[in-house]
Amino acid sequence: MLELGNYPSAFDAVRKKYIRQLSDLTGRNIIVYYSGWLQKPENVSGISDGDMEGFMNAVNDLDCSKGVDLILHTPGGSPTAAEAIVNYLKDKFHNDIRVIVPQLSMSAGTMIACAAREIVMGKQSGLGPIDPQYCGIPMYNIISEFNEAKEDLAKNPGNANYWAIKLQQYPAAFLKSCYDAISLSSTLAEEWLKDNMLKETPETVDKIVSFLNSHDDNYDHSRHFNYKTCQEIGLHITLLEDNQKFQDAVLALHHSLIITLQSTNAVKIIENQNGNAYII
């Protein structure tokens with residue numbers, strides 16, 4: 001068990017009890033991936049390459065033939081880190097992956113959910129757009145800024161210094177990187193949906209990916225898509241409220257995780273039902 005940071009053992013004991021109870025109820029492995037970005041917005045707690053150590057710790061000693069319920073609460077993060085996590089989980093559990101979203105799984109978290117055979121959401125839950133960001137700025141907005149500069153300079157060459165100062169915040173060749181990142185998000189979501197959740201109906205995948213990885217004036221990167229919207233675009237959504245006992249177990253675990261993040265130094269928790277925990 002790897003723990004970084006101090007927190008009272010009472011929080012630890014309550015959380016572990018509820019993870020075990022949910023696993024006993026479903027007969028499946030449970031891995032929770034929780035970030036404390038809402039409780040501690042000053043901390044970087046998005047999906048990153050460092051999470052792989054936590055997932056390896058969580059998968060260790062599990063009976064992978066039982067499948068896995070991955071419970072997500074995350075603001076998103078790196079698409080390439082999400083790709084590595086999904087590839088690892090699929091290698092271990094194949095396609096027997098169910099994602100449960102008690103509250104929010106945004107951006108790259110939504111991408112990971114697209115790799116599941118089904119997504120469980122409550123009436124209060126939300127997924128989000130998968131368009132990538134750079135330092136909190138949607139890359140679609142960055143592309144728009146470059147396009148605006150191009151159009152303005154064609155008409156007003158005297159504005160060159162203004163645009164040079166404004167755009168120098170971005171690395172060299174960054175515009176190409178933006179297009180590549182947007183394309184990667186779509187490619188990964190499409191591949192994962194076709195390989196598992198929508199294996200029988202691949203014709204619906206383009207509609208879903210186009211909706212999730214688009215940008216217009218009607219929503220921004222932080223918009224929440226509820227279960228109805230997710231069902232309407234074609235994702236396989238199971239409503240948490242359809243099974244009262246299951247709902248109670250999931251929400252008890254969710255609240256215990258949120259309380260840990262609120263009341264301790266923890267900013268990220270990756271943990272399984274056997275007590276293997278990676279806590280930052």
Are side-chain heavy atoms of Thr238 and Met121 found at a separation under 4.5 Å? no
Counting only N and O atoms by type, is there a donor-acceptor contact under 3.5 Å from the side chain of Ser210 to the main-chain atoms of Lys207? no
Grab the two heavy atoms, one from Cys114 and one from Leu212, that are nearest each other, plus how far apart they are. SG-CD1, 4.0 Å
side-chain contact (heavy atoms from CB on, under 4.5 Å) between Trp163 and Glu148, worked out: CA-CA 10 Å; Trp163 284 112; Glu148 182 184 354; 3.8 Å; yes
Arg98/Val68 under side-chain contact (heavy atoms from CB on, under 4.5 Å): CA gap, chis, key distance, verdict: CA-CA 6 Å; Arg98 178 170 64 171; Val68 66; over 6 Å; no
What pairs with Arg117 under side-chain hydrogen bond (donor to acceptor under 3.5 Å, both in side chains), at least two apart in sequence or on another chain? Asp96
Minimal heavy-atom distance between Gly126 and Met106, with the atoms involved, is O-SD, 4.3 Å
Applying side-chain hydrogen bond (donor to acceptor under 3.5 Å, both in side chains) to Asn213 and Ser185, what does each step give before you reach the verdict? CA-CA 7 Å; Asn213 194 8; Ser185 293; 5.0 Å; no
Take atom OH of Tyr18 as the centre, draw a 6.0 Å sphere, and report whether it contains more than 12 heavy atoms from other residues, nucleotides or ligands. no
side-chain contact (heavy atoms from CB on, under 4.5 Å) partners of Thr229, counting only residues at least two apart: Phe211, Phe225, Asn226
Phe146: partners by side-chain contact (heavy atoms from CB on, under 4.5 Å), with sequence neighbours left out: Ile142, Leu167, Tyr170, Leu175
Return the minimal non-hydrogen interatomic distance between Ser107 and Gly77, and the atom names on each side. OG-N, 4.4 Å
Measuring from atom CG of Leu72 to atom CD1 of Ile31, what distance do you get when rounded to the nearest 0.5 angstrom? 10.0 Å
Looking at residues at least two apart in the chain, or sitting in another chain, which of them share a side-chain hydrogen bond (donor to acceptor under 3.5 Å, both in side chains) with Asp242? none
Charged N-O contact under 4.0 Å between Asp152 and Lys155: no
Dump the intermediate steps for side-chain contact (heavy atoms from CB on, under 4.5 Å) on Leu22 and Gln273, then the final yes or no. CA-CA 8 Å; Leu22 181 59; Gln273 78 272 10; over 6 Å; no
Examine distances only and state if a side-chain atom of Asn274 and a backbone atom of Asn276 form a donor-acceptor pair shorter than 3.5 Å. no
Should Phe93 and Val59 count as side-chain neighbours, where that means a heavy-atom distance under 4.5 Å? yes
side-chain contact (heavy atoms from CB on, under 4.5 Å) with Thr74: which residues, sequence neighbours excluded? Tyr33, Ser35, Ile47, Ser105
So OG1 of Thr264 and CD of Gln262: to nearest 0.5 Å the spacing works out to 10.0 Å
I need the minimum non-hydrogen distance between Asn196 and Ala116, along with the two atoms involved. ND2-C, 3.3 Å
What's the shortest heavy-atom distance between Leu251 and Pro102, and which atoms? CD2-CB, 4.5 Å
Measure the spacing between CG of Asn272 and NZ of Lys16 and express it to the nearest 0.5 Å. 8.0 Å
Ser125 side chain to Gly122 backbone, donor-acceptor under 3.5 Å: yes
Could you tell me the separation between the CD1 atom of Ile270 and the CE atom of Met52, rounded to the nearest 0.5 Å? 9.5 Å
Exercise answer: donor-acceptor pairs, residues 83-90 side-chain atoms, under 3.5 Å, sequence neighbours excluded:
{"unit_1": "Asn87", "atom_1": "ND2", "unit_2": "Glu83", "atom_2": "O", "d": "3.3"}
{"unit_1": "Lys90", "atom_1": "NZ", "unit_2": "Asn95", "atom_2": "OD1", "d": "2.5"}
{"unit_1": "Lys90", "atom_1": "NZ", "unit_2": "Asp195", "atom_2": "OD2", "d": "2.6"}

Please examine the side chains of Leu253 and Ile71, heavy atoms only from C-beta on, and report whether any two atoms are closer than 4.5 Å. yes
Please step through side-chain contact (heavy atoms from CB on, under 4.5 Å) for the pair Leu193 and Ile208, ending with a clear verdict. CA-CA 9 Å; Leu193 286 167; Ile208 295 170; 3.9 Å; yes
May I ask you to say whether Glu271 pairs ionically with Arg15, meaning some side-chain N is under 4.0 Å from a carboxylate O? yes
Specify the closest pair of heavy atoms between Glu145 and Gln169, including all atoms of both residues, with the distance to one decimal. OE1-NE2, 4.4 Å
Under the side-chain hydrogen bond (donor to acceptor under 3.5 Å, both in side chains) rule, collect the residues that match up with Asp63, sequence neighbours excluded. Ser65
Which ring pair (Phe, Tyr, Trp, His ring centres under 6.0 Å) pairs, counting each pair once, include a residue from residues 226-257, with sequence neighbours left out? Tyr34-His254, His73-His254
Is it the case that the side chain of Ser23 and the backbone of Ile19 share a donor-acceptor pair, with hydrogens and angles ignored and the cut-off at 3.5 Å? no
State which residues pass salt bridge (charged side-chain N to carboxylate O under 4.0 Å, His left out) with Lys92; sequence neighbours excluded, sorted by chain then number. none
Starting at CG of Leu184, measure out to CE of Met111 and round the result to the nearest 0.5 Å. 6.0 Å
Could you list the residues that satisfy side-chain hydrogen bond (donor to acceptor under 3.5 Å, both in side chains) with Asp248, not counting sequence neighbours? Gln244
Side-chain (Thr204) to main-chain (Thr201) donor-acceptor, under 3.5 angstrom: yes
Tell me, do Leu198 and Trp192 make a side-chain contact under 4.5 Å, heavy atoms counted? no
Residue pairs meeting salt bridge (charged side-chain N to carboxylate O under 4.0 Å, His left out), one or both in residues 31-46, sequence neighbours left out, come to none
Taken in chain and number order and not counting sequence neighbours, the residues that satisfy salt bridge (charged side-chain N to carboxylate O under 4.0 Å, His left out) with Asp24 are Arg20
Euclidean distance, Thr110 OG1 relative to His224 NE2, rounded to 0.5 Å: 9.5 Å
